[in-house]
Amino acid sequence: MNGTRNLRLDLSGAWKVKIATEQNWLDVILPGSLDENEIGMELKPGEYGNRKFLYLGTAVFKKEIEIPLAWKNKKLFLYLERSRVTKVIVDGEEIGSNATLVCSQIYDLSEFLDPGKHMLEIEVSNTGSIMDWDSIKYSHIASESVQTNWLGIIGQIYIEAKSNMHIGNVRIDTNNHSAVFRAKVVNSLMQIQEVYVNVLVKLGTEIYSVNEFATINNNDTYVDIVVPMENQHFWSEFHPDLYSVSLQLLDNKGNELDLWQSSFGIRDFSVSGKKFSINGNVTFMRGKHDAGVFPLTGYASMNESDWIRNFSIAKEYGINFYRFHSWCPPEAAFSAADKVGIYLQPELPLWNPSTAFEDDEEWNYYRNEAFHILTEYGNHPSFVMMAWGNELNGSYERMYQLVQECQAKDNRHLYTIGSNNNFCAVVEPEKSDYWTTFWTKGVWDTKVAGFGGANIRASTPHPTRGHINNEPPCTTRNYDREIREVSLPVMSHEVGQYQIIPDFTEIEKYKGVLFPAELMNYRKLMEEKGLLPMAESFHQASGQLAALCYREDIESALRTADFAGFQLLDLQDYNGRGSGCALIGMLDSFMDSKGIISPGKWRQFCNHTVLLIQFPKYIFRSGETMKAEIFCANYSEYHVEDELILELKDEKNKTVWSHILSGLNAPKGKLTKLAKINVPLINDDIGRKFTISALFKNSEIKTEHNIWVFPEVCRVELPYNIYVTRTWGDKTKKLLQEGKTVFLMPYQEDIIGIKGIFSTDFWNYEGFQKYNPPGTMGISLDPKHKALAGFPTDTHSEWLWWNIIHNSVAFQADNTENKFSPIITVMDNMNRQLVLAMALEAQVERGKLFLCGIDFLCQLDRPEAVALFQSFLNYTASSEFVPQKTIGIEDIDKLVCWHYENLGIDERPVG
């Protein structure tokens, strides 16, 4: 963003490096890391994180440089855009050290570099000092799970020659009438100087200029230049308009001493009640978590073009906000966000859930890092808010103090003490401008079950908390109750985290410094379990379920009138090792689509303007009237005045009901109820799937939901030619040996397997198995299977299945010697990959067996359960029931507990 006309000596290119494990100096290319130069211990996949090469310690980089004669008596500065802890040595003399991890490291070499040749050495350490602090090691600036603890120098590397009187830095403030440029003029001449400062501001054909006379003291002096501006163009996500600006510093004879160039945007980002506003318009933060995942380099890109690509992709999915988890991105990211129109929240490189800011040394370090961030990146209009780190606990007094100091130092941004601080015993933070949390009330206890707390996201690591898995599905759930007593704007923290079984073709993309070690392990285990042929269908089925859950999470937030926003975890995958590998995105680690959902489809529920159809259930009975309300969450720049087209279509896309509502108005900046509707549902004697949709006539704003309609009758008829039993014992065994057909629906407690849960597993099973989650990933099935002929299902879990799955146990078939034919496969998480089935068929001895893990008898009041039960029974009794696989009696013993007194053989109707 910033540039000068000063002379620069580019230091990129060939260097030498010395590391402790090598006797000789090695060739190296900078900017870059040792990993990129293939220096260090060569590793096998998974041996140390995902890295191919590893070096921990100190490396010394050296290069002979030549200072031009024309630079004599100039001020000379060495710029290292981003590195680790560094020490600079010139001709054997130590100059100083620098430990900032998130800003440029700048060394004044004026006293050490006369014209001529010199040996420049830079020691870089990724261990020792601050690099050994847990708060740094666990943060995303150095964690092996994401950016890796690389060693090197990345970004720009150069020496710059400046006049003895030059512009140090410039702060830009704007208001509705003008821009104020506060320039720090550095005077090394040790005497008072008279100067002129010329300011030129441009946007398109608009030009504003001001010339100021200033007297500079014999030290640093701040000069304020006010540039009146008419017809201002305001910066926002909708119009990322940027002005160019140049500040020219002249001596009293008109000779140029320095030229500072940059860009800026005019914007006002502030709190408006319980929400945020941009330039007076209420906005809703639709956020993405970012951990610096760049699999080819192992560190965050320093190139603006890469960030423009990533931000543009995210914006296609309706994202307008990035939260940087425990790290601050480079200048390239801020510049790209300025151009694309993305709001940013950088954080300190800090993840400390116990003692944050308590240690004096750490406190002073992080306090200075906060001020460095404000100085280096504060002019960017995209930089709208800042937090101290992730899930902090420790000295709240100092956290509050730093908020107040930053508010006083730079009021262009909003501040909070951290993201999801003190979540184990949550309280609303003091002094802060806003609050990011996953609940507003509650005490976290891994051993206590129950819904628990006032959650403001739909799922949590604990399977008994979060409404997606613990409340019957509807489209009316919101967080009004959970935030009613909160005074600050609230954003939900790390929403989603729904795992997806990977697309293993991603492995081929890893052509840089990292192995796809976890993907390789997952594929190997899948092959060992005989599941690899199902990988693609599992990927799609788990992905569709994850997208469905993300939608509910996002729409729950949008349905909440006073909600300020959310930050997803995530739109993108995380390619770490172990519990740091989380395949939770619609996009892979390279920000490429997985082919699960299109950006346009995603924007139907994640955008500045979203239509919301609210109804209390997804399952209806024939002839029933569907009662619904239509809302519009409008956080665009404009009021919406339009006709609303409503349609109900059947599974063949035939319109069976339609209605047009005219004269509707959805004001900007709020959630508005547009109408109530009554939709008559047809009478039919089979279960059917329909799609209800709402569309503004003159825009792309649309929403749609699947619903299901079943016959009124809730009675199951048992076919005469099969045996239905709930227990596995001698009698059932004898029936099979005699060649009979048996439908075995064991009691849930008798099934050797995994209890049903609707959503896909949270984040990573290895990371959260202490909460005892089922760990499954939804169901995969063939809707054309004859057993499902009377059931209107797709290939994956839908809301249709919610009650059925919650009343099921999946049979664990890993130890069976013979393969069976699953009718409904339950997918397992990639860490465990159990072979699971909710319903299966097999030839046993001379008989035929349908083995069902669903308890239908406890849900005969549910029309969808009755329909599926009847469909199963009809298939079992039909001539089409010819299982292709054979299993032994001993295999069934591994799936179902044996009962010596076999009860429950029945041929009578049920229900």
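Residue numbers run from 1 in the order of the sequence given. Treat the numbers as computed from the prediction; the structure is a model and nothing was measured.
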Inset, instruction - Sort out for me which residue in Arg457, Arg559, Arg477 forms a salt bridge (Lys or Arg N to Asp or Glu O under 4.0 Å) with Glu552. - result: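 So the option named by the test is Arg559.
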Parallel, tilted or perpendicular: which describes the rings of [X] and [Y], with under 30° parallel and over 60° perpendicular?
| X | Y | result |
| --- | --- | --- |
| Tyr550 | Tyr498 | perpendicular |
| Phe563 | Tyr479 | tilted |
| His462 | Tyr771 | tilted |
| Phe856 | Phe869 | parallel |

Legend entry - Which atom of Cys632 lies closest to which atom of Leu674, heavy atoms considered: CB-CD1, 3.9 Å
Legend entry - Check against side-chain hydrogen bond (donor to acceptor under 3.5 Å, both in side chains), Ser636 and Asn634: CA-CA 6 Å; Ser636 70; Asn634 180 8; 2.7 Å; yes
Inset, instruction - Decide whether Asn678 and Thr625 meet the rule of one side-chain donor and one side-chain acceptor closer than 3.5 Å. - result: no
Legend entry - Pairs meeting criterion ring-ring contact (aromatic ring centres under 6.0 Å, His included) with involvement of residues 659-709, two or more places apart: Phe615-His705
Inset, instruction - Among His608, Lys668, His239, find the one that has a side chain to side chain donor-acceptor pair (under 3.5 Å) with Glu637. - result: His239
Inset, instruction - Test salt bridge (charged side-chain N to carboxylate O under 4.0 Å, His left out) on Asp570 and Lys288 and set out the steps. - result: CA-CA 6 Å; Asp570 194 351; Lys288 179 196 178 303; 3.1 Å; yes
Legend entry - salt bridge (charged side-chain N to carboxylate O under 4.0 Å, His left out) pairs, two or more places apart, involving residues 315-325: Arg323-Glu347, Arg323-Glu494
Legend entry - Residue pair Glu237, Asn320: steps toward the side-chain hydrogen bond (donor to acceptor under 3.5 Å, both in side chains) verdict: CA-CA 7 Å; Glu237 64 184 280; Asn320 67 350; 3.1 Å; yes
Legend entry - For Phe321, ring pair (Phe, Tyr, Trp, His ring centres under 6.0 Å) partners two or more places apart: none
Legend entry - Check against side-chain contact (heavy atoms from CB on, under 4.5 Å), Trp435 and Thr440: CA-CA 9 Å; Trp435 187 16; Thr440 56; 4.0 Å; yes
Inset, instruction - Give a yes or no answer on whether the side chain of Lys275 reaches the backbone of Lys670 with a donor-acceptor pair at less than 3.5 Å. - result: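 Between the backbone of Lys670 and the side chain of Lys275 there is no qualifying donor-acceptor contact (under 3.5 Å).
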